[in-house]
Structure formats: C-alpha cells, structure tokens
Amino acid sequence: MIDLIFPDGSQRQYEDGATGRSVAASIAKSLEKRAVLIKLDGELYDLDRALPSGGVFEILTRDAPEALDTIRHDASHVMAEAVQELFPGTQVTIGPAIEDGFYYDFARATPFSLDDLAKIEQRMKEIVDRDEPITREVWNREEAIAHFTEIGEAYKAEIISDLPGTDEITVYRQGQWKDLCRGPHLPSTKHVGKAFKLTKLAGAYWRGDHRNAQLQRIYGTAWASEADLEAYLTRIEEAEKRDHRKIGRAMDLFHLQEEAKGMIFWHPKGWTLFRTVQDYIRRRLDAGGYQEVKTPQIMDRGLWDRSGHWEKFGANMFVCETTEGEELAVKPMNCPGHIQIFNVGQKSYRDLPLRLAEFGACHRYEPSGALHGIMRLRAFTQDDAHIFCREDQIEEETTRFVRLLNSVYSDFGVHLDSVKLALRPDLRAGTDEVWDIAEDKLERAARQAVNIGIERMPGEGAFYGPKLEFHLRDAIGRTWQCGTLQLDFVLPERLDAEYTAEDGSKQRPVVLHRAVFGAVERFLGILIENHAGAFPLWLAPTQVVVATITSDADDYALAVAQELRAAGLRVETDLRNEKINYKIREHSLAKAPVIAVVGRREAEEGKVALRRFGSDGQEILSLAQAAKTLALEALAPDVARSTAAASASPREPVGAREAG
RNA sequence: GCCGGAUUAGCUCAGCUGGUAGAGCAGCGGUUUUGUAAACCGAAGGUCACGGGUUCGAGUCCUGUAUCCGGCACCA
C-alpha cells in the first residue's frame with residue numbers, strides 16, 4: 001500500500017500499482033478526464049505510470065503552470081513526428097522545452113526552408129487531431145542501441161550508448177511514431193492543443209560543438225491557450241519596437257555602416273549619452289579608490305607574445321606591420337598595458353591594493369556572425385580596471401566590486417538577470433592547485449555580496465583564471481554579459497609584476513580584471529532597450545525642448561533656453577512655424593523628458609509651462625523656479641546623493657553607502 | 001565562420017503569375033501665427049545592395065558577392 005497526501009492536506013491509501021489516472025478516477029470521473037500529469041514529491045510523472053511510492057501528491061490538469069513545460073516538450077515531439085512523416089530519412093536528435101517554447105534538432109542533408117514550416121505546422125495540427133496515445137516503455141539498453149542503429153537513427157543510438165549504465169532506457173510511443181526520451185509526457189497528442197507556432201530555423205551543431213555535424217534546428221513557441229499564444233506574440237512584437245538599433249536610428253543616436261563593420265558612428269545625441277554615462281562611472285571610480293590611466297592603442301608584438309595573447313588570442317587581433325618591419329597589434333584588452341604601469345618603479349605591499357582604471361578602446365576581430373547592433377562590436381570601450389592585490393585581499397576586493405556594481409545598476413534602473421561563475425576551461429594556464437584557490441576565493445566572496453543564486457559554469461572560464469559574470473537582459477529577453485570580475489594568477493607571472501613584501505621578499509601580486517558595464521556600448525544598448533528610449537532626465541541627451549506657440553515668443557524662448565543651459569541643462573529650441581499641437585506630438589514621440597512651452601502669455605509674465613513626458617498636464621513656473629527645479633532633478637543619482645548628504649545631518653558621512 | 005531569411009526614396013513599407021517603379025511620413029518651396037499629441041497647397045526625390053547570366057524584355061527568374069536580421073559556434 002502507498003500513502004498519498006493531497007494538496008488539501010488529506011491523506012489516502014492506495015494499492016501498489018496505482019497510477020495517477022486510477023487515483024484521479026477514484027476522486028472524480030471528470031478529474032480523470034482532465035488530468036494530464038501528476039506531481040509526486042515535486043517530481044512530474046506520466047498519468048499512466050505506476051506510482052513508485054507514496055508522498056505529497058497532486059493531479060495536474062492541462063492549465064496547471066507545471067504542465068506548460070510538458071506541453072512544450074510534447075509539441076517538440078509532435079513536430080518531430082510531423083517532420084519524419086513529411087521528410088522521410090530525416091534523423092531525430094534532441095528536442096527539449098525551452099523558455100516560451102521548444103525546439104528540435106534534425107539531421108538532414110538538405111536544410112529546411114521557411115516554406116517548410118507552414119507544412120510542418122499543418123501536419124502537427126493533424127497529429128494533435130489524431131489524438132495519438134503517448135505511452136512509456138522501458139527497453140533493454142543493447143536492444144535499444146541495436147534497434148535505433150537498424151532504423152538509421154544513429155544519433156539516438158549514440159545518446160543511448162552515452163547514458164550512464166544506471167539509467168533506465170525509456171522509449172515513448174506516440175501512435176506509430178516513437179522517440180527515446182526521459183519523459184514525462186501528456187497521455188495523448190490532443191492535450192498538446194494547437195496554441196503553438198513554429199517561429200524560426202537555424203543551424204545548430206550536434207552537442208553544441210562546431211567540429212561536429214551541423215543539424216537543422218526548428219524553433220517553436222507553445223502555450224496552454226490560444227490567448228496566451230496571442231499575448232506572447234504581441235509581447236514579442238512590442239519588445240521589438242524597443243530594439244536599440246531601431247531607437248538608435250529614430251532618436252539619431254548612432255549608426256553603423258559597411259565600411260566599418262562592428263564599429264559605431266556616434267552622433268551628437270548618442271555621444272552625449274555616452275559621455276553622461278562615462279562621467280558618472282568616472283565619479284564612482286574616483287570615489288571608490290581607483291586611479292584612472294591611459295595606455296597605448298597599438299603595441300609591439302613582443303609584449304603580446306610575452307602576455308600570451310598572441311598565441312591564445314592572435315586570430316582575433318587586428319595587427320599591422322610598419323615599413324620598418326615591426327609587427328604591431330591593436331589592443332584587444334588593457335591588461336598588459338596596466339601591468340607596464342605597475343612595473344615602473346618599485347611597488348611595496350603598502351601600495352596594494354592598487355586599482356588602475358581606464359576607459360579602454362579595445363578592438364577585436366570578432367567572427368562576422370557574432371556582430372550584433374552595438375551589443376557585440378569589433379571596437380568598443382571597456383570601463384576596465386585592474387586591481388593589483390595580495391591573495392588575502394581578493395575576497396574583500398571582490399566584495400567591494402560587487403557592491404559598487406549593484407549600486408551602479410540600481411542607479412541606471414537595470415536589474416541583474418543572473419550571476420555566473422565560469423570555472424576552469426580545458427585549455428588553460430596555471431596549475432590545478434592555483435585554480436582550486438582562485439575558484440574558491442571568487443565563489444566565497446561573490447556569495448557574500450550577491451543576493452541572487454550564482455550559477456556555476458564548468459569549463460567556461462578564461463584561460464588565465466575563473467570569472468564572475470553579471471548578465472543583463474535586452475528587450476526580447478536575450479541576456480548579455482556586462483559586468484565581470486576575473487581572477488588572474490597568470491599574467492603577473494608572465495609579465496613579471498612584483499612587489500616587495502613586509503619581510504623584504506619579492507612577491508607576485510594577483511590581478512583582478514573587472515568592469516561594471518563590461519563594454520560601455522553594450523551597456524548603453526541595454527539601457528536604451530530597458531528604457532525604450534525614454535531616458536530619465538539625468539541621462540536624456542536632450543533634457544528640455546523649449547517650444548514656441550507663435551513667433552512673438554521667439555526672443556523669450558531663446559532667453560529661456562539660455563537660462564536653462566546656464567543652469568546646466570541640455571536644451572533645444574523649437575521656433576518652427578508649426579502649431580503647438582504638432583510640436584508637442586513630435587517631441588513627445590521623440591521622448592523629450594520636458595517640453596517647456598512659451599507663448600505670448602509666458603513671455604509677458606516671465607514664466608514657462610512645463611509638460612513632462614508621459615503626462616498631459618502642465619506646470620506653470622517662473623523661469624528662475626523652473627531652472628532651479630529642473631537642474632536639481634537632472635542631477636545624476638550619485639551627485640544627488642552627495643548633495644543631499646552634505647545638506648543633511650553631518651553625522652552621516654558623505655557617500656558612505658555607495659563608496660564600496 | 002555555419003544554417004535560414006532580408007536588402008525597393010532619408011524613414012516605414014507596397015509592387016500578383018517577368019512588360020523599364022508607387023504610398024505615407026520626413027525633407028524642400030509657398031500659404032498659415034497657431035495655447036498642449038499631426039494645418040493646407042506644390043514641386044522634387046530611385047543605377048530597385050553590387051556583379052554576372054537567362055529572356056525581345058528582369059525590382060520580379062538563376063547565379064556569385066557584400067551587408068544586415070534570427071539562430072548555432074565564438075565572446076580570451
């Protein structure tokens with residue numbers, strides 16, 4: 001007998017061999033009809049599978065949130081069945097549920113075309129209508145390998161061979177079709193429903209390795225209801241309007257062109273935004289004990305040889321030869337330059353931690369397919385810094401950095417999507433012993449400072465050390481690594497950095513490579529998408545537009561603009577011979593934070609009528625009052641904090657909270 | 001780099017099965033002096049990404065190249 005505890009707390013006993021279906025039937029016939037899965041002690045099981053034990057038990061219907069992943073997983077199987085019916089000879093490989101949908105990777109000599117998707121979708125709907133029962137079978141390993149090999153499913157046979165010997169080999173039958181799969185699945189294909197849509201085609205390498213065969217991946221989205229599907233499609237459509245490439249053009253921030261692939265032409269407004277962000281982080285670094293430096297853009301190959309970059313990274317570097325036969329490389333990163341500065345003169349343990357910062361213009365020859373708007377470029381600016389410290393300072397420096405990063409992100413109104421810890425890669429410098437220490441220190445420090453879970457990523461680290469990655473999300477949900485902190489025991493060794501310890505001995509410092517934005521450009525891309533171009537006042541390239549109602553007010557408008565500029569605001573005037581409605585509409589669409597309307601009345605009374613973005617009211621203020629109010633509102637958050645702290649209680653030290 | 005798609009006016013897009021290009025907005029010229037999300041009129045604007053081919057004839061079909069977009073790989 002097994003004991004089941006139901007969601008209402010009640011408990012009942014069932015015979016051994018009871019299934020989710022039989023339990024559901026014992027409660028109500030209608031429940032049995034609607035049941036698609038069961039949850040036992042947090043695990044999902046097929047409805048018709050004998051319950052392995054008692055426990056906390058729940059019957060799931062199709063609309064249960066937990067069922068959604070299974071609907072998506074089943075949709076991928078239905079798609080695979082449809083593909084194999086329509087395109088005989090196509091091999092199946094894997095097809096999981098993913099965020100918002102699913103995919104399946106197929107092996108096939110000729111790639112699919114977009115036209116095929118409609119046919120496949122049609123056939124999927126027929127398979128749903130056929131209501132094919134989905135049943136689970138446990139197979140013998142050797143027989144399974146032999147079977148899949150015989151029917152020409154080499155990939156499936158390979159997957160089975162690689163499964164740990166302790167794993168059961170389960171095959172799910174779906175009508176005439178079958179697939180090796182761990183499950184669980186819905187009882188039959190009708191439960192998948194028709195709220196799905198095939199969305200895109202892509203090549204994908206078998207097991208994610210570019211040395212392997214390229215498979216044909218078909219992506220789809222699937223939902224519990226038609227309404228959810230519609231909502232999703234609308235959401236995506238809306239998100240695409242926030243694309244930084246669209247907004248960048250519409251707001252005249254920047255452009256890219258063929259002659260400089262992966263490099264940005266910043267227009268005046270975009271560059272203003274860039275500078276505002278740069279000025280902000282510069283203040284934070286100054287306050288945080290960093291010293292800014294500037295190192296050469298192009299350096300001799302010899303240095304890159306010694307640093308190891310020529311060997312490990314050479315293929316991605318822009319190089320040039322001089323007429324005198326020197327071989328030079330444009331810097332892909334700033335670290336070797338900073339170590340040169342560290343190496344000049346003698347350093348003492350008293351100098352540590354030494355934090356050298358640089359807005360480093362880096363160039364990397366990225367593969368053409370990797371370029372993406374201003375998120376992935378060949379020329380970009382890192383808000384880079386290298387912290388030279390002792391091993392026993394690593395944890396504190398890491399904690400300080402993460403606090404700074406959290407504070408900066410919150411000032412910009414962006415939210416961390418995830419924090420990852422990239423661990424030792426196969427190709428690496430340094431002994432295992434050194435890596436053990438490095439990984440351990442980083443993880444411990446990060447755990448202290450980060451309030452979300454840290455994802456461990458084996459094999460993803462840099463060749464010289466483990467790496468903490470701070471990821472942010474763009475408009476359509478892709479995540480981008482922005483902030484990073486990387487431990488490096490290797491480069492100081494290779495470039496011979498040392499300091500004199502207390503006992504007079506020469507010691508190697510540890511280097512922490514760190515960046516809050518990662519690349520300023522990428523961070524701006526995220527910022528544009530997160531705000532949909534409607535920047536807060538302190539960031540907006542144009543903060544105030546002074547718009548006239550009639551030409552009578554032109555002179556006054558110019559005076560207003562001048563006064564606001566004198567108060568430190570970025571101001572434009574609109575004296576065009578257009579109706580005020582037209583001007584309001586245009587500047588609202590351009591997301592100007594403040595429109596200052598002036599007509600004859602304002603000119604006579606020395607006032608301005610302020611209209612804020614997102615509101616249709618107006619606020620009539622004297623010009624002096626408006627300048628004062630807006631200037632105060634336009635302060636960067638860090639400046640606003642120190643201003644407030646200075647004028648508040650003297651007991652609270654200035655900037656104490658954000659000094660980290 | 002790999003797979004799939006796209007590329008037509010400054011921008012957003014139309015152009016059916018081949019018959020030498022069309023709209024809206026913007027820009028320009030004029031009229032209008034306007035009170036909080038689009039005043040009116042007019043003229044202009046294109047080597048249909050680029051190169052080759054098929055055809056009497058190519059924006060449309062074939063082919064090569066480039067860039068961009070969606071993925072994959074890469075991101076030290």
Side-chain angles (χ1 to χ4, degrees), chain A residues 103 105 108 110-117 199-219 240 243 245-246 249-250 252 255-259 261-262 307-309 311-317 332-333 335 362 364-373 375-378 380 422 425 427-429 460-465 467 469 476 478 480-481 484 486 488 490-491 513 518-519 522 547-554 575-590 595-602 609-611 615-618:
Chain A
Y103 69 77
D105 283 347
R108 185 158 183 265
T110 42
F112 295 107
S113 79
L114 237 34
D115 296 336
D116 297 329
L117 293 192
T199 50
K200 49 199 177 193
L201 278 174
Y205 300 102
W206 168 236
R207 298 203 151 155
D209 189 329
H210 69 278
R211 289 164 299 194
N212 291 338
Q214 188 162 48
L215 307 171
Q216 302 298 318
R217 177 172 298 179
I218 303 178
Y219 283 94
E240 280 168 1
D243 190 309
R245 292 162 295 202
K246 282 198 175 135
R249 184 165 43 230
D252 194 21
H255 85 270
L256 297 108
Q257 67 185 48
E258 280 191 31
E259 291 82 353
K261 286 188 284 289
S307 72
H309 289 103
E311 184 200 341
K312 294 272 193 324
F313 201 67
N316 291 302
M317 284 160 71
M333 54 197 70
C335 357
C362 297
R364 300 180 185 179
Y365 186 76
E366 301 284 8
S368 56
L371 302 178
H372 181 102
M375 304 289 213
R376 185 81 182 268
L377 294 159
R378 285 184 176 160
F380 56 95
L427 191 66
R428 60 175 181 262
E460 299 285 315
F463 77 86
Y464 50 72
K467 166 166 122 177
E469 300 177 1
I476 72 160
R478 284 178 289 230
W480 297 89
Q481 180 196 308
T484 180
Q486 306 179 26
D488 192 344
V490 176
L491 206 56
H513 310 252
R522 176 178 290 182
T548 52
I549 294 171
T550 62
S551 52
D552 294 350
D554 284 2
L575 311 183
R576 290 175 303 171
N577 177 12
E578 295 289 352
K579 290 194 161 187
I580 191 63
N581 285 0
Y582 180 88
K583 295 185 185 182
I584 295 283
R585 176 182 150 83
E586 191 165 284
H587 300 300
S588 298
L589 288 173
I595 304 173
V597 176
V598 294
R600 190 177 302 158
R601 218 154 51 217
E602 286 74 14
L610 301 185
R611 180 185 165 121
S615 129
D616 56 3
Q618 45 180 319

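Per chain, numbering begins at 1; letters A, B, ... match sequence-line order.
Nucleotide B:rA26 holds its C1' atom 13 Å from the CG atom of A:Leu589, rounded to whole Å. With rounding to whole Å, A:Ile595 atom CD1 is found 14 Å from B:rA38 atom C1'. Distance A:Arg600 CZ to B:rG35 C1': 11 Å, rounded to the nearest Å. The nearest whole Å value for the distance from the CH2 atom in A:Trp480 to the P atom in B:rC75 is 14 Å. In this structure, the CD atom of A:Glu578 is 11 Å from the P atom of B:rC40, given to the nearest Å. Rounded to a whole Å, the CG atom of A:Asp616 is 9 Å from the C1' atom of B:rU36. In this entry the distance linking CD1 of A:Ile580 with P of B:rU33 reads 16 Å, nearest Å. Taking atom CD1 of residue A:Ile584 and atom P of nucleotide B:rA39, one finds them 12 Å apart after rounding to whole Å.
Between A:Thr550 and A:Tyr464, it is A:Thr550 whose nearest contact on RNA chain B lies nearer the 5' terminus. Between A:Met333 and A:Arg576, the residue whose closest nucleotide on RNA chain B is further toward the 5' end is A:Arg576.
Checking B:rA9 for Watson-Crick or G-U wobble geometry (two distances, each under 3.5 Å) identifies no partner in any strand. B:rG70: Watson-Crick or G-U partner is B:rC3, with both key distances under 3.5 Å. Nucleotide B:rA14 forms no Watson-Crick or G-U wobble pair with any nucleotide shown, as no partner meets the under 3.5 Å limit on both distances.
With a 4.5 Å cut-off on side-chain heavy atoms, A:Leu491 and A:His513 count as touching. Residues A:His372 and A:Arg478 form a side-chain contact, since some pair of their non-hydrogen atoms from C-beta on lies under 4.5 Å apart.
Between A:Glu578 and A:Arg585 there is no salt bridge, since no side-chain N of the basic residue sits under 4.0 Å from a carboxylate O of the acidic one. Remark: A:Asp209 engages A:Arg211 in a salt bridge, criterion side-chain N to carboxylate O under 4.0 Å.
Nucleic acid contact class of A:Glu240 (heavy atoms, under 4.0 Å, all strands): none. Counting any heavy atom pair closer than 4.0 Å across all strands shown, A:Glu586 reaches no nucleic acid atom. Among the protein residues, A:Thr199 comes within range of no part of the nucleic acid, since none of its heavy atoms lies under 4.0 Å from any strand. Across all strands shown, A:Pro332 has heavy atoms under 4.0 Å from base atoms, whether or not it also approaches the sugar-phosphate. Among the heavy atoms of the strands, none lies under 4.0 Å from A:Lys583.
Under the 3.5 Å distance criterion, with hydrogens and angles disregarded, a donor-acceptor pair is assigned to the side chains of A:Gln257 and A:His255.
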Please set out all donor-acceptor pairs under 3.5 angstrom arising from side-chain atoms of residues 199-206 of chain A, sequence neighbours excluded.
residue: A:Thr199; atom: OG1; partner: A:Tyr219; partner atom: O; Å: 3.2
residue: A:Trp206; atom: NE1; partner: A:Glu158; partner atom: OE2; Å: 3.4

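Between A:Arg249 and the phosphate of B:rU12, there is a side-chain N or O to OP1/OP2 separation shorter than 4.0 Å.
Separation of the P atoms belonging to B:rC50 and B:rU55 is 23 Å when rounded to the nearest angstrom. B:rC75 and B:rU20 are spaced 48 Å apart, taking the C1' atom of each and rounding to whole Å.
Annotation: cation-pi geometry not satisfied between A:Arg428 and A:Tyr464 (NZ/CZ under 6.0 angstrom from ring centroid, within 45° of ring axis).
The side chain of A:Ala609 has B:rU36 as its nearest neighbour among B:rA38, B:rU36, B:rU12.
Partners of A:Ala547 according to the side-chain contact (heavy atoms from CB on, under 4.5 Å) rule, which considers only residues two or more places apart in sequence or in another chain, are A:Asp574, A:Ile580, A:Lys583, A:Ile595.
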Item to check | Annotated protein contacts, base or backbone, on nucleotides 61-74 of chain B with a non-hydrogen cut-off under 4.0 Å, one of B, S, - each | outcome: -----SS-SBBBBB
